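One structure is given below, encoded as structure tokens.
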Amino acid sequence: MSEKSVATLTEAEARKELARLAMDIGYHDARYYQDDAPEISDGDYDALRLRNAAIEERFPKLRRKDSPSLKVGAAPSGGFSKVKHARPMLSLGNAFNDDDVRDFVARARRFLGLEEAVDIALVAEPKIDGLSASLRYEDGRFIVGATRGDGSEGEDITRNLRTLNEIPAQIEGAPSVLEVRGEVYMSRDDFFALNVRQEEKDAKPFANPRNAAAGSLRQLDPSITAERPLKFFAYSWGEISAPFAETQFGALEAFERWGFSINPYSRVCRTVEEALAVHVDVLAQRAELPYDIDGIVYKINRLDWQERLGMVSRAPRWAIAHKFPAEQAVTILEDIVIQVGRTGALTPVAHLKPITVGGVVVSRATLHNEDEIARLGVRIGDHVVIQRAGDVIPQIVETLTDMRSAGAELRTFEVLDHCPVCGSRAVREEGEVVRRCTGGLICPAQAVERMKHFVGRNAFDIEGLGAKHIIAFIEDGLIKNPGDIFRLQERRGDLETREGWGPQSADNLLLAIEERRRISLDRFIYALGIRQIGQATARLLAKQYGSLAAWRAAMGKAAEERAENAGEMKKPELVGEIFAELCNIDQIGISVADDLVAFFAEAHNRDVLEDLANVLNVEDFVIGDTSESPVAGKTIVFTGTLETMTRSEAKARAEALGAKVAGSVSKKTDYVVAGPGAGSKAKKAEELEVPVLTEDEWNAFIGAA
DNA sequence: GAGCCTCGAGTTCC
DNA sequence: CTCGAGGCTC
């Protein structure tokens with residue numbers, strides 16, 4: 001289709017074309033959003049919208065009432081679809097001073113088993129204050145782009161990302177599958193200019209470049225994003241079909257060859273000290289840089305080392321962010337208010353006279369606990385220095401006692417001995433820092449927090465069911481137990497007639513709930529909010545027991561054992577077989593096992609679980625494909641000093657091959673790998689007739705896989 | 001038994 | 001993001 005350049009269109013032609021575009025775009029919107037079956041590529045679609053916007057810009061008077069550019073909320077319930085990252089997008093550990101960085105390198109050296117004298121080269125690159133994004137290329141074509149989201153699943157912002165000049169639509173010579181990761185950001189100059197335009201349009205200005213970039217990227221209408229001056233630095237990658245570099249810096253160079261921008265301050269440093277010099281250097285130039293940065297990221301340059309180091313929970317062991325000192329400000333502590341958490345923890349929160357720190361207005365900050373208040377010596381009415389830790393969470397750094405006016409009587413914070421919400425006793429256990437409400441099930445504040453946790457992002461992740469609705473639903477008796485959420489459709493009438501609700505909002509919520517009726521076992525366990533059972537431990541349990549039925553059966557039995565042998569906490573075996581089995585899972589000890597079993601000892605909790613099991617579809621835990629692995633499903637115990645690898649490396653490798661790594665030898669142990677100096681464990685293995693391998697034998701054994 | 005390391009729980013603002 | 005506590009290693 002030959003199109004006339006917008007500049008040469010006559011008014012009549014423009015009017016006709018705008019009408020056609022409105023119709024076409026409306027048609028494709030319906031295919032895309034309603035049928036989920038687009039007929040044209042995103043690129044072609046974007047071209048239509050861009051042309052529409054261009055014509056409207058030249059002939060503002062011709063803008064139609066039904067113009068596509070006015071339909072900001074084209075998406076169904078106003079959102080982006082989700083994209084699962086083929087490889088998770090990690091976050092980074094933080095260093096706040098030079099020693100933290102030296103420690104990081106020392107840890108890596110130890111993990112890799114390297115001599116003190118071996119230098120570990122690092123790539124130092126500025127950490128841009130923007131939003132990370134992942135761009136997937138297949139056969140050189142940009143296919144899909146996503147936000148980081150929770151790290152494993154982000155939002156599909158492909159159409160918005162396509163509007164960025166610095167994101168090539170096509171790249172040459174790259175692996176057939178390549179996920180490029182980097183930071184979308186806005187330069188300071190562009191941010192100021194945008195704010196001027198925003199004010200001219202009577203739109204709210206953005207607080208800082210980061211928010212401006214975030215707001216621009218989250219536009220439902222890509223033509224708005226297209227008008228925003230967003231930029232992109234590539235710095236990392238996700239899934240790749242073939243290796244394309246041997247070093248971190250080599251990867252950056254490859255990105256540059258493919259047409260991406262990489263940060264010009266990125267450089268290879270042979271030693272930690274050289275890397276630390278980059279930090280000093282860039283910090284000195286911080287104000288002159290065209291964009292905001294919040295620190296320097298160091299990555300171990302050799303990719304084979306990166307691979308061996310792997311990751312810990314959500315962060316790689318081969319990279320760290322060295323933060324710049326946080327911006328500080330002085331304000332007045334107006335009040336201290338107590339919040340009640342899911343576990344009953346009473347947390348004092350400072351209410352502050354609102355003040356801008358690092359481009360955001362801060363009015364509250366956590367005071368953690370009563371010891372922290374005592375340490376700060378703060379009283380209500382005091383001037384306090386606040387900063388945003390890691391440039392995000394506000395914290396009170398110090399109290400400016402000098403600024404107390406003479407004779408002024410400032411109120412001190414008084415420790416509560418009762419829960420401010422339910423009135424139950426609030427006690428602080430011996431040796432613990434937190435004070436807790438003992439109200440448990442009767443405390444409404446705890447009930448709300450437990451429910452919030454249940455529907456939260458890392459648990460059931462029910463969209464549209466936020467704190468406000470939860471509180472209202474609980475108050476109105478719509479939900480009492482978690483299972484009630486999944487019976488809300490029976491009370492559709494009650495939902496629709498709520499103030500501010502209608503058929504559409506009820507539909508949206510019920511749909512979001514239906515989507516989550518199916519859930520993985522580990523998320524399910526995590527959602528229950530059992531004390532000390534977070535994401536990592538929930539996954540361990542899911543892995544150990546495999547199915548909800550198996551887990552419930554085991555835990556129920558453990559609770560019985562515990563009832564019979566209460567008080568025998570010192571030795572797990574004395575409590576019971578299952579209890580001992582729990583404690584034998586690496587990372588789970590007596591304390592964690594006891595909280596877990598205590599949960600099952602409560603009839604109320606068993607009822608909640610039974611109820612949930614009836615309304616949900618909890619998927620069995622599936623481990624990655626380790627069918628080829630000789631050690632899949634086997635339980636391994638490492639003991640003694642390992643020579644060719646460190647303990648954590650050995651553990652990580654074994655787990656990757658589908659094995660369970662346990663801490664002590666039992667009759668369930670399949671193999672014991674003993675290095676020199678192995679003592680009691682190797683002996684116990686002999687007694688139990690568990691095969692004992694040397695390290696070399698073990699390596700040969702798994703090497704076959 | 002001390003000293004790491006990892007995990008959980010609590011929190012802010014947009 | 002931070003802090004405290006639990007678990008593991010030596």
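Within every chain, numbering begins at 1; the chains are lettered A, B, ... in the order of the sequence lines, protein sequences first and strands thereafter. Note that these values count all heavy atoms, side chains included, but never hydrogens, waters or copies made by symmetry. Keep in mind the model is a prediction, meaning the values are calculated, not measured.
For A/K323, the side-chain atoms get nearest to C/dC1 when compared with the rest of B/dG10, B/dC14, C/dC1. In this structure, of C/dC1, B/dA9, B/dT12, it is B/dT12 that holds the atom nearest to the side chain of A/R364.
Shown here for A/L92 and A/A321, the closest heavy-atom pair between the two residues is CD1-CB, 4.1 Å.
Remark: C1' of B/dT11 and CG of A/L367 are 11 Å apart, rounded to the nearest angstrom. Going from atom CZ of A/R450 over to atom C1' of B/dA9 covers 15 Å, rounded to whole Å. Between A/I533 atom CD1 and B/dT6 atom C1' the separation is 14 Å, expressed in whole Å. Residue A/I396 contributes atom CD1, which lies 20 Å from atom P of B/dG10 at whole-angstrom precision. In this entry the distance linking CZ of A/R457 with P of B/dG8 reads 17 Å, nearest Å. Rounded to whole angstrom, the span from the CD1 atom of A/I585 across to the C1' atom of B/dT6 amounts to 16 Å. Rounding to whole angstrom units, CG of residue A/D103 and P of B/dC5 are separated by 8 Å. Between the P atom of B/dC13 and the CG atom of A/N211 lies a distance of 13 Å, rounded to the nearest Å.
Donor-acceptor pairing under 3.5 Å is recorded for the side chains of A/D190 and A/S187. A/T366 and A/Q395 share no donor-acceptor pair across their side chains, judged by distance under 3.5 Å alone.
Look at A/R531 and you won't find any side-chain N or O under 4.0 angstrom from OP1 or OP2 of B/dA9. Distances shown here put a side-chain N or O of A/R317 below 4.0 Å from the OP1 or OP2 atom of B/dT6. The side chain of A/T366 contributes no N or O atom lying less than 4.0 Å from OP1 or OP2 of B/dG10. Between B/dT12 and A/S363, no contact under 4.0 Å exists linking OP1 or OP2 to a side-chain N or O. At the phosphate of B/dG8, OP1 or OP2 sits under 4.0 Å from a side-chain N or O atom of A/T537.
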Given the rule in the ring pair (Phe, Tyr, Trp, His ring centres under 6.0 Å) test, do A/H279 and A/Y298 qualify, once you have shown the distances and angles that lead to the verdict? CA-CA 10 Å; A/H279 186 262; A/Y298 308 116; 7.0 Å; no

Quick one: do A/Q532 and A/S591 satisfy side chain to side chain donor-acceptor pair (under 3.5 Å)? Show the steps, please. CA-CA 9 Å; A/Q532 303 206 79; A/S591 165; 2.9 Å; yes

Between A/E372 and A/L376, does the side chain to side chain contact (heavy atoms under 4.5 Å, CB included) criterion hold? Intermediate values first, please. CA-CA 6 Å; A/E372 174 77 0; A/L376 289 163; 3.9 Å; yes

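A/I530 comes within contact range of the sugar-phosphate backbone alone, with a heavy-atom separation under 4.0 Å but no base atom that close. Within 4.0 Å of A/R342, counting heavy atoms only, lie sugar-phosphate atoms of the nucleic acid but no base atom.
Checked for salt-bridge contact, A/E155 and A/R218 meet the test: a charged N lies under 4.0 Å from a carboxylate O. Between A/R428 and A/E370, at least one side-chain nitrogen of the basic residue sits less than 4.0 Å from a carboxylate oxygen of the acidic one, meeting the salt-bridge criterion. With salt bridges taken as basic N to acidic carboxylate O contacts below 4.0 Å, none links A/D417 and A/R425.
If you find the closest nucleotide of DNA chain B to A/A365 and to A/G529, the one lying nearer the 5' end belongs to A/G529. Nearest-nucleotide assignment on DNA chain B puts the 5′-proximal partner with A/R107, out of A/R107 and A/V349.
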Where do N or O atoms of nucleotides 3-6 of chain C meet protein N or O atoms at under 3.5 Å, pair by pair?
unit_1	atom_1	unit_2	atom_2	d
C/dA5	OP1	A/G431	O	3.1
C/dA5	OP1	A/V433	N	3.2

Pick out the pairs of N or O atoms, protein on one side and nucleotides 1-3 of chain B on the other, that lie under 3.5 Å.
none

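Residues forming a ring pair (Phe, Tyr, Trp, His ring centres under 6.0 Å) with A/F104 (at least two apart in sequence, or on another chain): none.
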